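Note that the coordinates shown come from a computational prediction; the quantities given were computed from them, not determined experimentally. Both backbone and side-chain heavy atoms feed into the values below; hydrogens, waters and symmetry mates do not.
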Amino acid sequence: MKRKMRAIIGSMLMVTMLAGTSTVYAEEVSEAPADEFVTVENMDKVDLSLPEEEGADLSSLIRDIPELEVETGNEAPETFNALNKRESVLPNDPRATVTGSLTEDNTSEVHLFSLTEDKVVALKLTSPNETYVAWLFTVDYETGTVEPQKVTVPSTQTSGSNPTYMLFPAGDYAFMILSSDSSVGDSYTFQINATNSSQNLDGILLCTEREFNLLVVTLDGGLYYDGKYTFNLNKVDQLSWERNEDLTWSGGYRHRSHDVYNVQFGGIKTPCTWRATSASSNNAILIACDVGTGFSYMQSYYQSGSSHEMSFVDTHGKTTPRNLDEDDFANGNQHILVFDVDTGKVIDFYSTLNIYYLSGGENASWTFH
């Protein structure tokens, strides 16, 4: 019944006009590796191109988000034209990007969706035609009626513009795309993200431009990425990372370990797809560490017939364990933890303190969402 009513309501709306981790490597080789014992002095350092995205920090939280006040008793549109119909039904609690075009024969297009609970919703309409708007309707599938609401999302000519944010109660809705002055002939892109609950909401931290991912923070510090819990900004122990490497050969071995702990939150970079030699993720949040973050490094080398060498000096020439200080951030230097949303774990540390990156032994690339 609901599916049938969606088709009917889509027809009704078409001509309505607008009114008011730890990694271990083991390998057997016949000879000791060439880089036997790496020190700060003998390491061939490379320049790291750290992400330049400005990203978000706690100061960008939006705490005053308007709440949709659903109006009832509005008359449903009385004029229909089923011939000029283009209807799309979005998934429940959608994160979707819809493209379309308005013409003289197709002056409006409707996109239906439902919210299973109260949500914080990000909306954006992009079009070269600035007269285009997205007009909100509430939908009653039992009676087959729609009611116009006093909510419109104006179009912008740039995809990089800020979205419109609102708190929506659970229910059934439709957005109709049309022109405020009947000027048609242009394409549009309509984006919606309604994946995050509005319960306990403190604010919106970040909405990405390309994939329209939405990061929100709850009052207790919980960070949610498109409705999925990631970590709590007030519980830094969740962001620890370590990597251990053990390499053995006949008569010797080499051990290296990195450890990041007691992370001081310095901001979040735009979510991305991360590809690196030792770690990868399709949904990664880049977390900037701040002054005071704990770091330790250790390397141990032994070859039979020679002395055992051990060092706790990191690539910045400082003895660990220690806390990062202002010198570690000189010249805009950053230290980035890579958090994989899908696994809920920190999978990489992109930093000049990571010997694998600074020595050029490993590399990483990323595509921002």
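Put simply, OG on S351 and CG on L48 are 7.5 Å apart, with the number rounded to the nearest 0.5 Å. For the atom pair N323 CG and T293 OG1, the distance stands at 8.0 Å (nearest 0.5 Å). In this structure, CD on Q303 lies 11.5 Å from OH on Y253, to the nearest 0.5 angstrom. The CG atom of N196 lies 6.5 Å from the CG atom of D226; values are rounded to the nearest 0.5 Å. With rounding to the nearest 0.5 Å, the separation of OG in S179 from CG in D186 is 9.0 Å. Note that OG of S240 is 11.5 Å distant from OH of Y261, once rounded to the nearest 0.5 Å.
Here the side chain of Q264 pairs a donor or acceptor atom with the backbone of N262 at under 3.5 angstrom. Side-chain atoms of N193 do not come within 3.5 Å of backbone N or O of A96 as any donor-acceptor pair. A donor-acceptor pair is defined here as one N or O able to donate and one able to accept, closer than 3.5 Å; no such pair exists between the side chain of K124 and the backbone of N162. Put simply, the side chain of T208 gets close to the backbone of N213: a donor and an acceptor are under 3.5 Å apart. With hydrogens and angles disregarded, no donor-acceptor distance shorter than 3.5 Å links the side chain of R275 to the backbone of T367. When atom types are taken as modelled, the side chain of T103 and the backbone of V184 share no donor-acceptor pair closer than 3.5 angstrom. Put simply, the side chain of R322 never gets that close to the backbone of F295: no donor and acceptor are under 3.5 Å apart. In this structure, the side chain of K119 engages the main chain of T195 through a donor-acceptor pair within 3.5 Å. Under a 3.5 Å cut-off, the side chain of D340 and the backbone N or O of G344 do not form any donor-acceptor pair. Remark: side-chain polar atoms of S155 are not paired, donor with acceptor, to backbone N or O of S127 under 3.5 angstrom.
Because its NZ or CZ atom is both nearer than 6.0 Å to the ring centre of Y356 and within 45° of the ring axis, R243 counts as a cation-pi partner of that residue.
Looking at I204 and I65, their side chains come closer than 4.5 Å, going by heavy atoms from C-beta outward. Between M43 and I355, the closest side-chain pair of non-hydrogen atoms falls below 4.5 Å. Residues L123 and P163 form no side-chain contact, since every pair of their non-hydrogen atoms from C-beta on lies 4.5 Å or further apart. Looking only at side-chain heavy atoms (C-beta outward), F137 and E147 stay at 4.5 Å or farther from each other. Side-chain contact check for I285 versus V341: some heavy-atom pair is nearer than 4.5 Å. Considering only heavy atoms from C-beta on, S182 stays 4.5 Å or farther from T107 through its side chain. Between K318 and V313 the shortest side-chain heavy-atom distance does not fall below 4.5 Å. Side-chain contact check for V121 versus I192: some heavy-atom pair is nearer than 4.5 Å.
Pairing each heavy atom of L61 with each of L205, the nearest pair is CD2-CD1, 4.0 Å. Between L353 and F349 the shortest heavy-atom distance is CB-CE2, 4.1 Å. In plain terms, the two heavy atoms of C207 and L214 that are nearest each other are CB-CD1, 3.8 Å. In terms of heavy-atom proximity, V133 sits nearest to P154 at CG1-CA, 4.2 Å. When every heavy atom of N363 is checked against every heavy atom of Y357, the shortest pair comes out as C-CE2, 3.7 Å. The minimum heavy-atom distance between A174 and V110, with the atom names listed, is CB-CG1, 4.1 Å.
The hydrophobic cluster containing L215 does not contain Y165, counting ILVMFWY residues as joined when their side-chain heavy atoms lie under 4.5 angstrom apart, directly or transitively. Residues Y141 and V89 share a single hydrophobic cluster, defined by chaining ILVMFWY side chains whose heavy atoms lie under 4.5 Å apart. Residues V153 and V98 are members of one and the same hydrophobic cluster, defined by side-chain heavy-atom contacts under 4.5 angstrom among Ile, Leu, Val, Met, Phe, Trp and Tyr. Taking hydrophobic clusters as Ile, Leu, Val, Met, Phe, Trp and Tyr residues chained together by side-chain heavy-atom distances below 4.5 Å, V291 shares a cluster with W241. Residue Y302 is not grouped with residue W249 when hydrophobic side chains (ILVMFWY) are merged at heavy-atom distances under 4.5 angstrom, including chains of intermediate members.
Counting non-hydrogen atoms of neighbouring residues, nucleotides and ligands closer than 6.0 angstrom, the CD atom of E309 exceeds 12 such neighbours. Heavy atoms from other residues, nucleotides or ligands lying under 6.0 Å from CG of D44 number 12 at most. Heavy atoms of other residues, nucleotides or ligands lying less than 6.0 angstrom from CG of N234 number more than 12.
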Problem set entry | Audit row: T116, D93, side chain to side chain donor-acceptor pair (under 3.5 Å) steps and yes/no | CA-CA 7 Å; T116 59; D93 309 322; 2.6 Å; yes
For this session: Before giving the answer on salt bridge (Lys or Arg N to Asp or Glu O under 4.0 Å), spell out for K235 and D220 the whole-Å C-alpha distance, their side-chain angles and the decisive distance to 0.1 Å.
Result: CA-CA 10 Å; K235 299 178 180 178; D220 63 356; over 6 Å; no
For this session: Take N200 and L219 through the side chain to side chain contact (heavy atoms under 4.5 Å, CB included) test and state the conclusion after the steps.
Result: CA-CA 6 Å; N200 242 5; L219 292 172; 3.4 Å; yes
Exercise. Can you list the steps and then say if T189 with T126 is a side chain to side chain donor-acceptor pair (under 3.5 Å)?
Worked result: CA-CA 5 Å; T189 299; T126 308; 5.9 Å; no
For this session: Test side chain to side chain contact (heavy atoms under 4.5 Å, CB included) on V151 and M166 and set out the steps.
Result: CA-CA 10 Å; V151 174; M166 289 198 73; 3.8 Å; yes
For this session: Before giving the answer on side chain to side chain contact (heavy atoms under 4.5 Å, CB included), spell out for T138 and D172 the whole-Å C-alpha distance, their side-chain angles and the decisive distance to 0.1 Å.
Result: CA-CA 6 Å; T138 54; D172 300 312; over 6 Å; no
Exercise. Should H316 and T352 be marked as a side chain to side chain donor-acceptor pair (under 3.5 Å) after you check the CA-CA gap, both sets of side-chain angles, and the distance that decides it?
Worked result: CA-CA 8 Å; H316 288 192; T352 51; 2.8 Å; yes
Exercise. How far apart are the C-alpha atoms of T320 and M298, what are their side-chain angles, what is the distance that settles it, and do they pass the side chain to side chain contact (heavy atoms under 4.5 Å, CB included) test?
Worked result: CA-CA 8 Å; T320 67; M298 190 270 281; over 6 Å; no
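Defined by atom type and a distance below 3.5 Å, a donor-acceptor pair is present between the side-chain atoms of T39 and N42. Checking Y188 against E109 by side-chain atom types alone, a donor-acceptor pair falls below 3.5 Å. Under the 3.5 Å distance criterion, with hydrogens and angles disregarded, no donor-acceptor pair is assigned to the side chains of Q149 and W135.
The aromatic rings of Y229 and Y224 stand perpendicular to each other, their planes meeting at an angle above 60°, with 30° marking the opposite boundary. Taking the six-membered ring where the residue is Trp, F329 and H335 present perpendicular rings, their angle passing 60° and hence far from 30°. A tilted orientation is assigned to the rings of F168 and F175, their planes being inclined by 30° to 60°.
Taking the six-membered ring for Trp and the full ring otherwise, the centers of F231 and F339 sit less than 6.0 Å from each other. Aromatic rings from H258 and Y297 are positioned such that their centres are separated by under 6.0 Å. Separation of the Y350 and W274 ring centroids falls under the 6.0 Å cut-off.
Between E69 and K150 no salt bridge is recorded (no basic side-chain N to carboxylate O distance below 4.0 Å).
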